[in-house]
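Comments concern the structure below.
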Amino acid sequence: MSIDGGGVRGIVAATILAHLETKLQKLSSNPEVRLVDYFDLFAGTSTGAMIVASLLSPDKNGRPKYTAAEIIKLYLKDSETIFKSSFIQGIKSASGLLDVKYNAEGIELICEQYFGAIELKQLLKPCLIPAYNLTSGNSYFFRQHLAKTDENHNYLLKDIIRATTSAPTYFPPAQIQNIKNTNKSCFVDGGIFAVNPALSAYAEFRRLNNKLSSENTLVLSLGTGKQNTVLDCEQIQHWGAVEWRDPGSNLISTALAERSHQELAAVYCDNQNYLRLNPEIDEKHSSSLDNCDSDYLKFLHNLGKKFVANNKKQLNNFAKRLLKSQKN
């Protein structure tokens with residue numbers, strides 16, 4: 001399973017996952033079934049990583065601490081806390097032009113609340129969470145399966161989420177260290193190179209299972225809603241950094257996500273083993289990462305529900321294939 005970045009738009013992916021989890025419970029006649037029971041590798045960037053971390057966090061009995069439906073509540077209830085800035089910060093940053101738009105207190109509070117002292121190696125399944133390491137100048141993936149065998153790669157989960165969600169201009173970079181305190185690095189959002197981590201996840205899965213290929217693996221890739229950037233060439237000829245900031249950000253992230261999708265679809269030759277779901281956001285609404293207005297959050301939630309309703313057959317068939325693959 002792979003989940004894109006996208007800030008508050010993560011509620012769209014969470015809504016799709018809630019339906020899938022419910023469907024698996026019905027098909028298996030087991031209300032205790034969770035998504036973690038049907039996927040062998042999870043990947044998530046930024047807000048997608050927060051969803052993955054929630055799905056894989058263990059409770060005291062070694063089962064998932066949160067259901068997919070409870071993750072929806074996280075977005076509806078806590079988005080305002082994550083993207084909350086003081087009046088002084090708002091003035092000082094000029095809405096992100098002169099300083100980061102938000103200080104880190106909100107996101108750190110939520111990470112502490114949901115993930116506490118959970119370590120990467122304690123997650124219930126292997127995972128891949130991208131972030132960019134500014135200290136070394138390289139892309140980096142936090143891996144549960146690597147942390148289990150090498151403590152140098154083991155981090156607190158709350159620190160990882162802080163790192164992968166540190167979108168430039170939105171939040172300050174995250175300076176974190178591993179559990180052993182042997183490595184301290186500065187990270188920013190993994191979305192700058194893997195806003196859609198599905199292709200990276202497939203490469204990682206092949207590395208771990210080199211005898212398997214697209215013919216015998218199932219991939220679910222979830223976007224957080226897309227909106228194509230259509231601009232008039234004459235009107236934008238003299239745009240500078242200020243004008244390009246918002247449309248440019250959407251343009252780059254959408255293009256990166258779509259490119260990964262197209263390449264992975266080519267690997268799978270458009271067979272039914274690969275399913276990419278990414279609802280379109282109409283032009284009447286923004287594709288904002290940080291709009292915490294209740295009406296916008298409700299719109300995103302409803303977008304996810306409408307998408308599920310319009311694609312129920314496709315989703316239910318994928319659920320049946322997941323169930324069958326587990327039995328095999």
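What's counted below: heavy atoms across the whole structure, side chains too, no hydrogens, waters or symmetry copies. Throughout, residue positions are numbered sequentially from 1 according to the sequence presented.
- Judged by distance alone, the side chains of Arg259 and Asn196 never bring a donor and an acceptor atom under 3.5 Å apart.
- The main-chain N or O of His153 is never found under 3.5 Å from a side-chain atom of Asn178 such that the two would form a donor-acceptor pair.
- Judged by distance alone, with hydrogens and angles left aside, the side-chain atoms of Tyr102 form no donor-acceptor pair with the main-chain N or O of Ile107 at under 3.5 Å.
- In this structure, Glu70 does not pair ionically with Lys73, as no charged nitrogen and carboxylate oxygen lie closer than 4.0 Å.
- From Asn291, atom CG reaches atom CD of Glu80 across 10.5 Å, with rounding to the nearest 0.5 Å.
- The aromatic ring centroids of Tyr132 and Phe187 lie 6.0 Å or more from each other.
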Problem - Intermediate values then yes/no, ring-ring contact (aromatic ring centres under 6.0 Å, His included), Phe307 and His19 - result: CA-CA 11 Å; Phe307 184 84; His19 170 80; over 10 Å; no
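- Ring planes of Phe318 and Phe39: parallel class, angle under 30° (limits at 30 and 60°).
- Here the side chain of Asn250 pairs a donor or acceptor atom with the backbone of Gln227 at under 3.5 angstrom.
- Between Asp37 and Arg63 there is a salt bridge, since at least one side-chain N of the basic residue sits less than 4.0 Å from a carboxylate O of the acidic one.
- Ion pairing between a basic and an acidic side chain is recognised when a charged N comes within 4.0 Å of a carboxylate O; Lys84 and Glu105 show no such pairing.
- With no hydrogens or angles considered, a side-chain donor-acceptor pair links His261 and Tyr274 at under 3.5 Å.
- Smallest separation of non-hydrogen atoms from Ala13 and Thr224: CB-CG2, 4.4 Å.
- Side-chain polar atoms of Arg321 and Ser325 form no donor-acceptor pair below 3.5 angstrom.
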Practice task
Run the numbers on Tyr114 and Tyr66 for ring-ring contact (aromatic ring centres under 6.0 Å, His included), then give the verdict.
Solution key: CA-CA 9 Å; Tyr114 282 86; Tyr66 304 105; 5.6 Å; yes
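- Glu112 has a carboxylate O that lies under 4.0 Å from a charged side-chain N of Lys158, or vice versa, which qualifies the two as a salt bridge.
- Nearest heavy atom pair, residue His145 against residue Cys127, reads CE1-O, 3.3 Å.
- Listed for the Gln25 side chain is a donor-acceptor partner under 3.5 Å among the backbone atoms of Val33.
- In this structure, the ring of Tyr268 has its center less than 6.0 angstrom from the ring center of Tyr202.
- Relative orientation of the Trp239 and Trp244 rings is perpendicular, given thresholds of 30° and 60° on the angle between their planes.
- When each of Leu277, Leu55, Ile71, Thr67 is paired with Leu17, the side-chain contact (heavy atoms from CB on, under 4.5 Å) condition holds for Leu55 and for no other.
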